[in-house]
Asks: 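Okay, handing you the structure first.
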There are 2 protein chains.
Amino acid sequence: MNEILSHSEENYLKEIFHLSEGTNQKVSTNALAERLNAKASSITDMLKKLAEKKLVSYIKYKGCELTDEGEKIAVQIIRKHRLWETFLVNKIEFGWEEVHDVAEQLEHIQSIKLIDGLDKFLGYPKFDPHGDPIPDKEGKISYRKSKIQLSETVINSLVEVVSVNEDSLSLLKYLDEIELNLGTELKILERYTFDESIKVKIVGGQELNLSKKVAENIGVRFISEI
Amino acid sequence: MNEILSHSEENYLKEIFHLSEGTNQKVSTNALAERLNAKASSITDMLKKLAEKKLVSYIKYKGCELTDEGEKIAVQIIRKHRLWETFLVNKIEFGWEEVHDVAEQLEHIQSIKLIDGLDKFLGYPKFDPHGDPIPDKEGKISYRKSKIQLSETVINSLVEVVSVNEDSLSLLKYLDEIELNLGTELKILERYTFDESIKVKIVGGQELNLSKKVAENIGVRFISEI
DNA sequence: CATAATTTTTAGGCTTGCCTAAAAATATTT
DNA sequence: AAATATTTTTAGGCAAGCCTAAAAATTATG
Ligand SMILES: [Mn+2]
Ligand SMILES: [Mn+2]
Ligand SMILES: [Mn+2]
Ligand SMILES: [Mn+2]
């Protein structure tokens, strides 16, 4: 417990957390391999090491799962990642599509005093620039309870954009272009059954069509019927 | 040129710079070994690699020296180190004795946009919390021309503290205790030949004795005769 | 200047975190 | 339930960055 972990080990814990978040399934070797851009054999190697350190439970051929200790560490890394992203956007004038790669580096900086100081300096933000919740010092994550995917909304409703999937650079850039940001309000006008694309009106902005794929990667909160 | 360097390689370049700063001597393997807390044989290994990459010039048994390219990189790492230290003290409420270890990690973060943004955010500071000059974007270092060691001052002069050696934690803590900071003015009252300690009066504060060793690690600027 | 002391390099080895290729286990089809 | 396909593990290897012990070069000393 409380041993220093390598960047690699931290990244494994974080990705295991992300892959199992929401589900209660174990994480497969191949899924990890894809997310970490490594070969399955490398994953197996590392899982053995992390199991040895009691940070994951791992049964050959059956996938892995974080232990309580492993999850605690993973959440703190995610806390750091999201606080640094918030810092970059709020203080250093980064765009939301520019922050992730730098935060991938910053999340490994080892200093509790720094991260708690940063949290205070930023005013204890609850969400990062992509709308993802920032875990608190104790590791508590306040998920937005009423969040649904834009692709799941019913027509004739008014919704507010509360999160976007940060994984795709090109999505973030596209949303910048069409001026769809966190806080933006959308009227859901139509859904086309052929490709499940939807027509929306940005309140105070243009009307436009969004593909199913785009809509699936935007999180919204229902406001009202139109 | 412009290849990505490992943390280790960056640390070697930085220490070679520090060890040769001021002097025009080559840096010896043993000197590096001591500063980097590694064995001489490890240093030899790395010098071969850095020479291969044209970042140092290295002749067996004759020590090493940074190339122009190597020096450019070293200076940028020092720029990052000192900007981060300034950030920690000015924005995150760190004490000057707490910043170095964290800055050792932060100096390896790879993002020109971040470091230039940080520089702007901090208001383009010229000196770090220990009074060391912060290289600018182009690598120019504005050394304080009139700086001398407190140990070299003449009695009956009034001086201002402009820098302290950051290498010793215990020195920094001691200076905190006696309330000797950057900007503090000192009257040089006496010098005892036996141990070369000096008696000083902190303007607006107490009178006290400083050992030669302490005085050598404090940089001051002459203001006037008393 | 020859011998001793010091510094530096070489030789060989270890761990971490990857890799490829082949073998073994598991899942899917027919 | 075989046969086939997919997933996962094992075996063996490689580069980075460190180590110890021994050899070689340099420097200091009588
Ligand atoms: Mn991110
Ligand atoms: Mn994010
Ligand atoms: Mn420092
Ligand atoms: Mn400093």
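Throughout, protein chains are lettered first and strands after them, A, B, ... in sequence-line order, and every chain is numbered starting at 1. What's counted below: heavy atoms across the whole structure, side chains too, no hydrogens, waters or symmetry copies.
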Asks: Identify every side-chain donor-acceptor pair in residues 32-42 of chain B under 3.5 Å, counting partners at least two apart or on other chains, and give the distances.
Replies:
| unit_1 | atom_1 | unit_2 | atom_2 | d |
| --- | --- | --- | --- | --- |
| B:Arg35 | NE | B:Glu15 | OE1 | 2.9 |
| B:Arg35 | NH1 | B:Asp167 | OD2 | 3.4 |
| B:Arg35 | NH2 | B:Glu15 | OE1 | 2.8 |

Asks: Within this structure, what is the NZ-to-C1' distance between B:Lys39 and C:dT6, rounded to whole angstrom?
Replies: 16 Å
Asks: When we call it a touch if two heavy atoms are under 4.0 Å apart, what does A:Ala40 touch: a base, just sugar-phosphate, or nothing?
Replies: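 A:Ala40: base contact, heavy atoms under 4.0 Å.
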Asks: When you get a sec, tell me which of D:dA25, C:dC19, C:dT26 is the closest nucleotide to the side chain of B:Tyr61?
Replies: D:dA25
Asks: Is the base of C:dT16 touched by the side chain of A:Ser8 through a donor-acceptor pair closer than 3.5 angstrom?
Replies: no
Asks: Roughly, in whole Å, what's the span from CG in B:Leu5 to P in D:dG17?
Replies: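 That distance rounds to 10 Å.
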Asks: Is B:Tyr12 close enough to D:dA16 that one of its side-chain N or O atoms is under 4.0 Å from OP1 or OP2 there?
Replies: no
Asks: Nearest-Å distance, CE (B:Met46) to P (C:dT8)?
Replies: 18 Å
Asks: Decide yes or no, distance alone: a donor-acceptor N/O pair under 3.5 angstrom between the base of C:dT9 and the side-chain of B:Thr29.
Replies: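 Side chain to base: no pair below 3.5 Å.
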Asks: Find the distance A:Asn11:CG to C:dG17:C1' and express it as a whole number of Å.
Replies: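 My rounded result for the distance is 12 Å.
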Asks: Examine C:dT8: is either OP1 or OP2 under 4.0 Å from a nitrogen or oxygen in the side chain of B:Asn30? Give yes or no.
Replies: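 Yes, because at least one side-chain N or O of B:Asn30 sits under 4.0 Å from OP1 or OP2 of C:dT8.
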Asks: Assess whether atom CD of A:Glu52 is packed by more than 12 heavy atoms of other residues, nucleotides or ligands within 6.0 Å.
Replies: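 Atom CD in A:Glu52 is not packed in, count stays at 12 or less.
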Asks: Would you say B:Tyr58 places a side-chain N or O within less than 4.0 Å of OP1 or OP2 belonging to C:dT8?
Replies: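 No, no such contact exists.
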Asks: So does A:Glu107 pair up with A:Arg79, basic N to acidic O under 4.0 Å?
Replies: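 Looking at A:Glu107 and A:Arg79, the cut-off is not met.
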Asks: When the distance from CG of A:Asn37 to P of C:dC18 is rounded to whole Å, what number comes out?
Replies: 11 Å
Asks: Starting from P on D:dA15, measure out to NZ on B:Lys53 and report it in whole angstrom.
Replies: 14 Å
Asks: Is A:Lys48 close enough to D:dT10 that one of its side-chain N or O atoms is under 4.0 Å from OP1 or OP2 there?
Replies: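 Answer is yes, contact under 4.0 Å.
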Asks: For the side chain of B:Ser41, starting at C-beta, report the closest nucleotide among D:dC19, D:dC18, D:dT9.
Replies: D:dC19
Asks: Taking for each residue the nucleotide of DNA chain C bearing the nearest heavy atom, is the 5' side occupied by B:Ser42 or by A:Lys60?
Replies: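 Closest to the 5' end, via its nearest nucleotide, is B:Ser42.
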Asks: Step through the shown structure and confirm whether more than 12 heavy atoms of other residues, nucleotides or ligands are within 6.0 Å of NZ on A:Lys113.
Replies: yes
Asks: Among the candidates C:dT10, C:dC19, D:dT8, find the nucleotide nearest to the side-chain atoms of B:Thr44.
Replies: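 Closest nucleotide among those given: C:dT10.
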Asks: Could you state the atom-to-atom distance from CG of A:Leu32 to P of D:dT9 in whole Å?
Replies: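 These atoms are roughly 11 Å apart.
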Asks: Output the single nucleotide from D:dT10, D:dA24, D:dG17 whose closest atom is nearest the side chain of B:Ser6.
Replies: D:dG17
Asks: In this structure, how many angstroms lie between the P atom of C:dG17 and the NE2 atom of A:His7, rounded?
Replies: 11 Å
Asks: Begin with the C-alpha distance, continue with both residues' side-chain angles, and end with the deciding distance and a verdict on ring pair (Phe, Tyr, Trp, His ring centres under 6.0 Å) for B:Tyr12 and B:Phe17.
Replies: CA-CA 9 Å; B:Tyr12 273 75; B:Phe17 182 90; over 10 Å; no
